[in-house]
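As structure tokens, the structure follows; a few thoughts come after it.
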Amino acid sequence: LATGPRQNNGIFYEIRTYDIKPAKMKEFVEMVNKYFHFRTAHSELLGFWYSELGAMNKVLHIWKYDSFAHRTTVRHALANDKDWQGKFISAALPLMEKQDNEVAYLVPWCQLGKPPKEGGVYEWVTFQMKPGGPALWGEAFRAAINAHINTGYTTLIGVFHTEYGLLNRVHVLWWNESADHRAAGRHSAHEDARVVAAVRNSVRFLESQQNVLLIPLQCSPLK
């Protein structure tokens with residue numbers, strides 16, 4: 001099936017989601033903040049968050065790679081990093097219940113953004129679209145995203161389209177000053193004819209959607 005336009009470089013993002021044992025979340029976060037500099041010495045971390053609403057006891061982190069060969073080199077180096085393996089991995093693995101990863105590309109019409117200031121909250125919205133890829137639903141989906149951007153109700157950080165993992169899945173990362181600011185923006189969007197029309201056209205291709213409110217960890221470059 002045709003997938004539509006793609007970026008011209010090999011850069012991709014690995015999205016890692018971990019389920020942490022409920023009684024161990026505080027301990028896990030403390031370990032990340034203490035030892036994660038061993039991990040970020042090897043490759044670029046985009047952001048690291050824990051879930052506050054929409055999911056419980058989950059953490060999500062996103063890594064940037066120049067190519068699959070780059071990722072292989074990094075993973076090999078991590079396996080041989082005694083500090084990383086001994087101080088973090090050996091202690092963190094017993095705190096986890098589940099690990100999941102996806103590989104995704106930025107959609108070709110999106111560049112990574114940054115929040116206007118630190119201290120806000122992030123929203124991770126996952127759209128499972130109908131099979132067919134962006135050639136089928138890409139333009140309608142883009143119009144729906146742009147309608148939210150153009151009205152100024154929220155700030156876009158990035159739009160990621162999966163390559164490994166569940167296909168026809170798009171993750172959208174938004175930033176808001178607070179959860180209340182996000183709620184007010186949503187109410188305004190629901191009453192805005194421009195947003196309503198664009199979303200109505202896009203949902204024809206939608207199978208499911210999940211929204212998760214995320215709080216950045218101390219070690220996260222996106223705060």
Side-chain angles (χ1 to χ4, degrees), residues 11-65 70-71 74-75 77-79 81-104 106 110-126 154-160 162 165 171-183 210-223:
I11 294 173
F12 67 86
Y13 298 84
E14 183 175 5
I15 302 164
R16 286 183 163 251
T17 307
Y18 299 164
D19 288 11
I20 309 302
K21 293 179 180 178
K24 299 297 184 179
M25 176 62 83
K26 183 176 183 292
E27 182 181 350
F28 181 84
V29 169
E30 289 175 348
M31 287 185 57
V32 170
N33 287 329
K34 184 175 181 179
Y35 294 118
F36 225 60
H37 61 282
F38 294 126
R39 175 61 184 85
T40 53
H42 291 277
S43 64
E44 182 179 350
L45 175 67
L46 180 64
F48 200 128
W49 303 266
Y50 68 86
S51 61
E52 178 69 13
L53 296 171
M56 297 185 69
N57 302 303
K58 287 183 179 288
V59 296
L60 183 148
H61 41 125
I62 304 175
W63 300 90
K64 179 181 178 182
Y65 292 104
H70 178 212
R71 181 184 182 277
V74 169
R75 300 301 297 175
L78 287 170
D81 186 323
K82 294 182 179 180
D83 284 329
W84 174 242
Q85 295 294 330
K87 294 180 179 179
F88 183 81
I89 292 296
S90 60
L93 285 178
L95 310 182
M96 302 179 191
E97 291 189 330
K98 181 182 177 182
Q99 293 176 288
D100 187 37
N101 76 331
E102 298 172 290
V103 166
L106 277 176
C110 172
Q111 293 184 342
L112 278 178
K114 292 184 177 180
K117 61 181 180 181
E118 293 186 359
V121 298
Y122 291 79
E123 185 175 11
W124 183 251
V125 187
T126 299
T154 185
T155 299
L156 179 68
I157 302 300
V159 182
F160 305 88
T162 57
H171 299 290
V172 184
L173 183 62
W174 302 96
W175 177 90
N176 289 281
E177 291 184 13
S178 66
D180 286 321
H181 181 265
R182 183 263 183 195
Q210 183 182 22
N211 296 32
V212 180
L213 188 73
L214 300 174
I215 308 297
L217 270 68
Q218 178 182 323
C219 68
S220 178
L222 287 174
K223 288 187 173 64

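If you read the sequence from its start, that first residue is 1, and numbering goes on from there.
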Fill in: Reported NE2-to-CG distance for the pair His61 and Leu46, which is rounded to 0.5 angstrom
12.0 Å
Fill in: Non-hydrogen side-chain atoms of Pro115 and Leu222 separated by less than 4.5 Å
yes
Worksheet item: Considering only heavy atoms from C-beta outward, does the side chain of Lys117 approach that of Trp175 to under 4.5 Å?
Response: yes
Discussion item. Side chains of Ile62 and Trp124, heavy atoms from C-beta outward: is any pair under 4.5 Å?
Written reply: yes
Worksheet entry | Pairwise distance CG(Leu106) to CD1(Ile11) - rounded to 0.5 angstrom | 8.5 Å
Discussion item. Run the side chain to side chain contact (heavy atoms under 4.5 Å, CB included) test against Leu95 and tell me which residues pass, sequence neighbours left out.
Written reply: Lys24, Glu27, Phe28, Met31
Fill in: Shortest non-hydrogen contact between Ile15 and Ala104, atoms and distance
CD1-CB, 3.9 Å
Worksheet item: Does a side-chain heavy-atom distance below 4.5 Å link Glu30 with Asn33?
Response: no
Item to complete: Would you name the heavy atoms of Ser51 and Asn57 that are closest together and state the gap between them?
Response: OG-N, 3.8 Å
Worksheet item: Any idea which heavy atoms bring Ile157 and Lys114 closest together, and the distance?
Response: CD1-C, 3.9 Å
Response to the item:
Looking only at heavy atoms, the pair that brings Glu14 and Asn101 closest together is OE2-ND2, 2.8 Å
Worksheet item: Within a reach of under 6.0 Å around CE of Met56, are more than 12 heavy atoms found that belong to other residues, nucleotides or ligands?
Response: no
Item to complete: Indicate yes or no for a side-chain donor-acceptor contact from Gln85 to the backbone of Leu78 under 3.5 Å, with no hydrogens or angles considered.
Response: yes
Worksheet item: Are the side chains of Leu156 and Trp174 in touch, meaning some heavy atoms are under 4.5 Å apart?
Response: yes
Fill in: Nearest-0.5 Å distance that lies between atom CZ in Phe48 and atom CG in Leu60
8.5 Å
Worksheet item: Is His171 close to Thr162 at the side-chain level, that is, under 4.5 Å between some pair of heavy atoms?
Response: yes
Worksheet item: Where do Val74 and Arg39 land on the side-chain contact (heavy atoms from CB on, under 4.5 Å) test, with the steps shown first?
Response: CA-CA 10 Å; Val74 169; Arg39 175 61 184 85; 4.1 Å; yes
Worksheet item: Looking at Pro216 and Gly120, what are the two nearest heavy atoms and their distance?
Response: CD-O, 4.1 Å
Worksheet entry | Heavy-atom closest contact (Val32 atom, Cys219 atom, distance) | CG1-SG, 3.5 Å
Worksheet entry | Donor-acceptor contact below 3.5 Å, side chain Tyr13 vs main chain Glu102 | no
Fill in: Audit row: His42, Asp81, side-chain contact (heavy atoms from CB on, under 4.5 Å) steps and yes/no
CA-CA 10 Å; His42 291 277; Asp81 186 323; 2.7 Å; yes
Discussion item. Let me confirm one number: the OG-CZ distance from Ser43 to Arg71, rounded to the nearest 0.5 Å.
Written reply: 9.5 Å
Worksheet entry | Asn176 versus Thr154, side-chain donor and acceptor atoms under 3.5 Å | yes
Discussion item. Check whether Lys21 reaches the backbone of Pro94 with its side chain - one donor and one acceptor, N or O, closer than 3.5 Å.
Written reply: yes
Worksheet item: Could you give the distance from CG (Asp83) to CD1 (Ile89), rounded to the nearest 0.5 Å?
Response: 12.5 Å
Fill in: Ring-ring centroid check Phe12 Trp63, cutoff 6.0 Å
no
Discussion item. Do Thr17 and Lys98 have side chains that approach each other closer than 4.5 Å (heavy atoms only, starting at C-beta)?
Written reply: no
Worksheet item: Counting only heavy atoms not in Gln111, do more than 12 fall under 6.0 Å of its CD?
Response: no
Item to complete: Mind checking the CZ-OH spacing from Arg182 to Tyr122? Nearest 0.5 Å is all I need.
Response: 16.0 Å
